S.K.: 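The structure is given below, and queries will be raised subsequently.
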2 protein chains.
Amino acid sequence: MSAKRSSNTADKILDIAEKLVQVRGFNAFSYADISQVLKIQKASLHHHFVTKSALGQALITRYRKNFQAELQLIEASSESAVVRLERYIELYAQVLSQNRMCLCGMLATDIATLPKPMRDGVAKFFAENEVWLSRVLEAGREEGALEFEGSPESVASLFVSSLEGAMLVARGNGQPKLFQDVARRLLDHARGGRPKRARRAG
Amino acid sequence: MSAKRSSNTADKILDIAEKLVQVRGFNAFSYADISQVLKIQKASLHHHFVTKSALGQALITRYRKNFQAELQLIEASSESAVVRLERYIELYAQVLSQNRMCLCGMLATDIATLPKPMRDGVAKFFAENEVWLSRVLEAGREEGALEFEGSPESVASLFVSSLEGAMLVARGNGQPKLFQDVARRLLDHARGGRPKRARRAG
DNA sequence: GTCTATAACGAGATAGAC
DNA sequence: GTCTATCTCGTTATAGAC
């Protein structure tokens, strides 16, 4: 997501900080780190983001906005529910392929140390994801493309949780293959337990 | 797990540090925090764990050992594969009920900032979990109690990833219900997509 | 908007007395 | 095994010149 690099300083700061948070976590990066990469003095950073908390809030807001834009892109296409879910998974896979964790997944572990506005932003990210997924899942079930037990909301929760967890464990293990395995099983689950090509042995 | 509190100082330090890591993360707690709770000077802590890295390694080793002990307890019982999986999930649920994250799940996000011995310990934790789960899953399939596509290893990965992710998201969202939903779906997945009571509508 | 300089604090860690 | 005292460094943040 967002390979484009902005030219104004505030956006450059956000780009660098975002990567640092996704790799190291909110409490393990500093203004000095950004300063080094951007070749600008630490004090100058405070001109753009007065406090680290403000920077954190801006990071979350931008990340949510970018993610929502991607989701709308997927929704605007005329593809099937299954393909939409695959494209959703691909959003996560791309983050992992850069050896990063989802920004909000990362911040979720730091949650006890974050200021309230950041905590709220993280919760919103997950909520928005689940709303979008629920819509896609429900539409897919009505089309007959999907077939799952229970509410779309609870399958949506499973998707978000499992994808976040798979990123987490895959990174901790250095095993990207694990992520694809999990993703495949999630899709099968949404299809009623049937894999894409073969039926189960029974 | 391990409600018992040890009497020697090293173990008390580990108890306190473990909780701090599970709640705040490895980079967001300090010797000063332990000092405050244990009412002992910071310098004294270094007598027991020379460096923070050494403390971290001890934390992981003990956590793995305790977890393995729990797994052996489950295996020693003569219960069915399904019940064993339920008891496995219950290990995670208990951690979450204390508003903590799995120690190694927490450390997995911090992975880029950890010394090598700690990174290795985290990877081992996940590997051990997956080995144990794979055994239970395979045995369950042979008994006919379970019915899943693909390798036991890949279902095991799904379990670990999804449970870790569910803890993460549930904590970030303040929604413990989400965890139970995910857990239920994992069990259904291992049972071939069939929920415990009703069959799906089809 | 960027700089230099510095404040104020907390971190991990060590020395040496008791 | 615990204490006091101290060191060194990195952190967020501010003041004020350019």
Side-chain angles (χ1 to χ4, degrees), chain A residues 5-60 106-107 109-119 121, chain B residues 5-60 106-107 109-119 121:
Chain A
R5 205 119 299 206
S6 302
S7 50
N8 83 60
T9 306
D11 283 345
K12 281 186 198 159
I13 294 171
L14 288 173
D15 288 337
I16 296 166
E18 182 176 270
K19 175 168 181 178
L20 284 166
V21 174
Q22 290 185 276
V23 172
R24 303 176 55 87
F26 192 72
N27 295 309
F29 90 97
S30 72
Y31 275 42
D33 296 324
I34 304 173
S35 166
Q36 215 173 344
V37 177
L38 193 53
K39 290 175 192 3
I40 193 179
Q41 291 303 309
K42 279 193 297 172
S44 308
L45 299 173
H46 286 277
H47 173 77
H48 300 279
F49 301 97
V50 189
T51 62
K52 199 183 178 184
S53 166
L55 172 56
Q57 291 171 51
L59 279 177
I60 297 171
M106 193 57 116
L107 293 174
T109 64
D110 297 330
I111 205 86
T113 70
L114 300 180
K116 180 98 174 21
M118 289 184 68
R119 289 204 302 274
Chain B
R5 206 119 298 207
S6 301
S7 51
N8 84 61
T9 306
D11 283 346
K12 283 185 197 159
I13 294 171
L14 289 174
D15 288 338
I16 296 165
E18 183 177 89
K19 175 168 181 177
L20 284 166
V21 174
Q22 290 184 277
V23 172
R24 304 175 55 86
F26 193 72
N27 295 310
F29 90 99
S30 72
Y31 274 40
D33 296 325
I34 304 173
S35 166
Q36 215 174 344
V37 177
L38 192 52
K39 291 176 192 2
I40 194 179
Q41 292 303 310
K42 275 196 301 170
S44 308
L45 299 173
H46 285 276
H47 173 77
H48 300 279
F49 301 98
V50 189
T51 62
K52 198 183 179 184
S53 166
L55 173 56
Q57 290 170 52
L59 279 176
I60 297 171
M106 193 57 116
L107 293 175
T109 63
D110 298 329
I111 205 83
T113 70
L114 300 180
K116 182 91 170 28
M118 288 185 68
R119 289 204 301 274

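Here the structure is a predicted model, which means the values were calculated and not measured.
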S.K.: Report the distance from atom CD1 of I34(A) to atom C1' of dT2(C), rounded to the nearest whole Å.
M.R.: 16 Å
S.K.: Hey, could you give me each pair passing salt bridge (charged side-chain N to carboxylate O under 4.0 Å, His left out) that has a residue in residues 109-118 of chain A? Not counting sequence neighbours.
M.R.: K116(A)-D120(A)
S.K.: For nucleotides 16-18 of chain C, which of its nitrogen or oxygen atoms have a protein nitrogen or oxygen under 3.5 Å away, and what is each distance?
M.R.:
none

S.K.: Kindly write out the residues that satisfy side chain to side chain contact (heavy atoms under 4.5 Å, CB included) with A32(B), not counting sequence neighbours, or none if the list is empty.
M.R.: S30(B), K42(B)
S.K.: Quick one: what's the B/S/- string for nucleotides 3-15 of chain D, heavy-atom cutoff under 4.0 Å, read 5' to 3'?
M.R.: BBB-----BBBBB
S.K.: Write out all pairs satisfying ring-ring contact (aromatic ring centres under 6.0 Å, His included) with one or both partners inside residues 9-30 of chain B, taking only residues at least two apart or from two chains.
M.R.: F26(B)-F29(B)
S.K.: Look up atom CG in L114(B) and atom OG1 in T109(B), then write down how far apart they are to the nearest 0.5 Å.
M.R.: 8.5 Å
S.K.: For K39(B), which residues count as a salt bridge (Lys or Arg N to Asp or Glu O under 4.0 Å) partner, sequence neighbours excluded?
M.R.: none
S.K.: Got a sec, which residues hit side chain to side chain contact (heavy atoms under 4.5 Å, CB included) with A112(A), two or more places apart in sequence or on another chain?
M.R.: V23(B)
S.K.: Looking at residues at least two apart in the chain, or sitting in another chain, which of them share a side chain to side chain donor-acceptor pair (under 3.5 Å) with T113(A)?
M.R.: N27(A)
S.K.: Calculate the interatomic distance between K12(B) atom NZ and dT2(D) atom C1'; express it in whole Å.
M.R.: 13 Å
S.K.: Please state whether the phosphate of dT2(D), meaning OP1 or OP2, lies under 4.0 angstrom from any side-chain nitrogen or oxygen of H47(B).
M.R.: no
S.K.: Would you give me the side-chain donor-acceptor pairs under 3.5 Å for residues 44-51 of chain A, sequence neighbours excluded?
M.R.:
from, atom 1, to, atom 2, distance (Å)
H46(A), ND1, V50(A), O, 2.8
T51(A), OG1, A54(A), N, 3.0

